There are 2 protein chains.
Amino acid sequence: MKKIDILKKLRTSGLRPTKQRVEIAKFLFERDKTFHFTVESLNKLLEKKTSNKFALATIYNTVHAFKSAGHLSEVEVRGKKTYFDTNVSNHHHFYDSENSELIDIDSNDVVIQKIPKAPNGKKIKNIEVFINLKN
Amino acid sequence: MKKIDILKKLRTSGLRPTKQRVEIAKFLFERDKTFHFTVESLNKLLEKKTSNKFALATIYNTVHAFKSAGHLSEVEVRGKKTYFDTNVSNHHHFYDSENSELIDIDSNDVVIQKIPKAPNGKKIKNIEVFINLKN
DNA sequence: ATCCAGTTTATAATAATTCTAAAGTAAAAC
DNA sequence: GTTTTACTTTAGAATTATTATAAACTGGAT
Ligand SMILES: [Mn+2]
Ligand SMILES: [Mn+2]
Ligand SMILES: [Zn+2]
Ligand SMILES: [Zn+2]
């Protein structure tokens, strides 16, 4: 993903491409593999990678803006911090609690044969499979 | 589950059966169906049900002691609060975000046909299936 | 160049949880 | 049964993650 695409990505989702958003977006989206992070880990990585310092509030704002725009998803992981995910397609996760690492599982690599029917009046929105790992 | 069993349950798990622990244990474990709760919701329910008031720290202490003893499990739910579960067997959940309600799914009611193999050097500890509901 | 809505930022506020240390209590030791 | 001990409860302080506030800043339209 090139810089011009980053600008387009922001503009088409109604996000003014500010210096901060562009830099964070480049960091998050100009990569091949999925990136899972917390606001804290992202902040630390940005401090190293870039020369600019971002207010923590800006990182929160930006991450939420990206999430609202559909550029990030949120993953539920045991623990107090919220995890975000650059993979916004429907997929599942391995979780390695040794090093608090999430690993993507393609939706097609999980086949569920049997599932109970949803409670009365409810429908199934989506299914999340979470595979905890050990050594 | 009778009171005598509650006392046994506490004693055999190395928990001194204090007034507070017994009352909370009776509230949690003397029921037929699984009970899912947060510390906040439990606190409110205890305030109504019992005449005694418990310090919030006691509820945290007690819930954690019960969890460590294997009498409660923790469920991962999107949101800031931690959810606990009186069902400590391996099972899955529906989640109704309308009213933040968890509903148990028996382990046998979910059959997974295909799962990716664990990453190198890792083994699968357990699989959690989480089914989000909508109306 | 001017203006304005949207954005950033430092800081304060909030919410959930954990920590602290003093007072209380169950159960062991006498 | 009294004393002793370790464990527990408790109120309040502290911590952590996150959100709110409001003043300064800026992208982009006019
Ligand atoms: Mn979580
Ligand atoms: Mn959670
Ligand atoms: Zn992912
Ligand atoms: Zn359950």
Side-chain angles (χ1 to χ4, degrees), chain A residues 3-4 6-27 36-47 50-69 71-72 74-84 100, chain B residues 3-4 6-27 36-47 50-69 71-72 74-84 100:
Chain A
K3 180 166 185 179
I4 183 67
I6 289 284
L7 293 183
K8 196 193 229 177
K9 183 173 188 131
L10 295 178
R11 286 222 178 78
T12 59
S13 46
L15 296 169
R16 184 182 294 185
T18 63
K19 188 157 45 77
Q20 293 85 343
R21 283 178 177 163
V22 171
E23 231 184 307
I24 296 174
K26 282 171 67 182
F27 183 79
H36 299 103
F37 63 95
T38 64
V39 167
E40 190 196 23
S41 71
L42 176 59
N43 190 29
K44 277 183 186 148
L45 291 168
L46 285 171
E47 275 176 5
T50 80
S51 42
N52 313 25
K53 327 111 198 44
F54 305 91
L56 190 56
T58 299
I59 302 190
Y60 273 101
N61 289 342
T62 303
V63 163
H64 285 143
F66 289 177
K67 186 192 166 191
S68 296
H71 303 319
L72 288 174
E74 197 179 319
V75 187
E76 193 48 38
V77 181
R78 225 162 286 254
K80 311 172 237 276
K81 294 178 203 158
T82 302
Y83 278 72
F84 295 93
S100 302
Chain B
K3 179 166 185 181
I4 184 68
I6 289 285
L7 294 183
K8 197 193 227 176
K9 184 174 188 131
L10 294 178
R11 286 221 177 80
T12 59
S13 47
L15 296 169
R16 186 182 291 186
T18 62
K19 189 157 44 76
Q20 293 85 344
R21 283 179 179 163
V22 171
E23 231 184 308
I24 296 174
K26 281 171 67 183
F27 184 79
H36 298 105
F37 63 96
T38 65
V39 167
E40 190 196 23
S41 72
L42 175 60
N43 189 29
K44 277 183 187 146
L45 291 168
L46 286 172
E47 274 176 3
T50 80
S51 41
N52 312 23
K53 326 112 200 41
F54 304 92
L56 190 56
T58 299
I59 301 189
Y60 273 101
N61 289 343
T62 302
V63 163
H64 285 143
F66 288 177
K67 187 192 166 192
S68 297
H71 303 320
L72 288 175
E74 198 178 318
V75 187
E76 194 48 38
V77 182
R78 225 163 288 255
K80 310 173 238 277
K81 293 178 206 158
T82 302
Y83 278 73
F84 294 91
S100 303

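So that the names make sense, note that chain A is the first sequence line, chain B the second, and so on, each numbered from 1. Everything numeric here is computed off the predicted structure, so don't read it as measured data.
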Subject >> Closest to side chain of B:Lys81, choosing from C:dT9, C:dT17, C:dT7 >> reply: C:dT17
**OP:** Select one nucleotide: of D:dT10, C:dT7, D:dG28, the one nearest the side-chain heavy atoms of A:Arg11.
**Re:** D:dG28
Original post:
Who passes side-chain hydrogen bond (donor to acceptor under 3.5 Å, both in side chains) against B:Ser100, sequence neighbours left out?
Top reply: none
**OP:** Determine the contact category for A:Thr18: base if any of its heavy atoms lies under 4.0 Å from a base atom, sugar-phosphate if only primed atoms, P, OP1 or OP2 are that close, otherwise nothing.
**Re:** sugar-phosphate
Original post:
Considering the terminal five base pairs at each end of the helix from C:dA1-D:dT30 to C:dC30-D:dG1, what angle separates the two local helix axes, rounded to 10°?
Top reply: 20°
Original post:
Which residues satisfy the side-chain hydrogen bond (donor to acceptor under 3.5 Å, both in side chains) test with B:Glu74, sequence neighbours excluded?
Top reply: B:Lys67
Subject >> N/O (side chain, B:His64) to phosphate O (OP1/OP2, C:dT17) under 4.0 Å >> reply: no
Give the table of side-chain donor-acceptor pairs shorter than 3.5 Å for residues 56-66 of chain A, with sequence neighbours excluded, one pair per line with atom names and distance.
from, atom 1, to, atom 2, distance (Å)
A:Asn61, ND2, A:Ala57, O, 3.2
A:Thr62, OG1, A:Thr58, O, 2.6
A:His64, ND1, A:Tyr60, O, 3.3

Original post:
Minimum heavy-atom separation for A:Pro17 to A:Leu7, with atom names?
Top reply: CB-CD2, 3.7 Å
Original post:
Considering only D:dT10, C:dT17, D:dT19, which nucleotide approaches the side chain of A:Tyr60 most closely?
Top reply: D:dT19
Original post:
Do A:Lys44 and A:Glu40 pass the salt bridge (Lys or Arg N to Asp or Glu O under 4.0 Å) test, and can you show the C-alpha distance, the side-chain angles, and the key distance before you say yes or no?
Top reply: CA-CA 6 Å; A:Lys44 277 183 186 148; A:Glu40 190 196 23; 3.7 Å; yes
Subject >> Candidates C:dT9, D:dT9, C:dT17 - which lies nearest the side chain of A:Phe54 >> reply: C:dT9
Return the polar atom pairs (N/O with N/O) between nucleotides 19-24 of chain C and the protein under 3.5 Å, or none.
none

Original post:
A:Gln20 side chain N/O closer than 4.0 Å to the phosphate oxygens (OP1, OP2) of D:dT26?
Top reply: no
**OP:** Select one nucleotide: of C:dT18, C:dT9, D:dG28, the one nearest the side-chain heavy atoms of A:Pro17.
**Re:** D:dG28
Original post:
Does the side chain of B:Thr82 get closer than 4.0 angstrom to OP1 or OP2 of C:dT17 through an N or O atom?
Top reply: yes
Original post:
With A:Ser68, which residues qualify under side-chain hydrogen bond (donor to acceptor under 3.5 Å, both in side chains), at least two apart?
Top reply: none
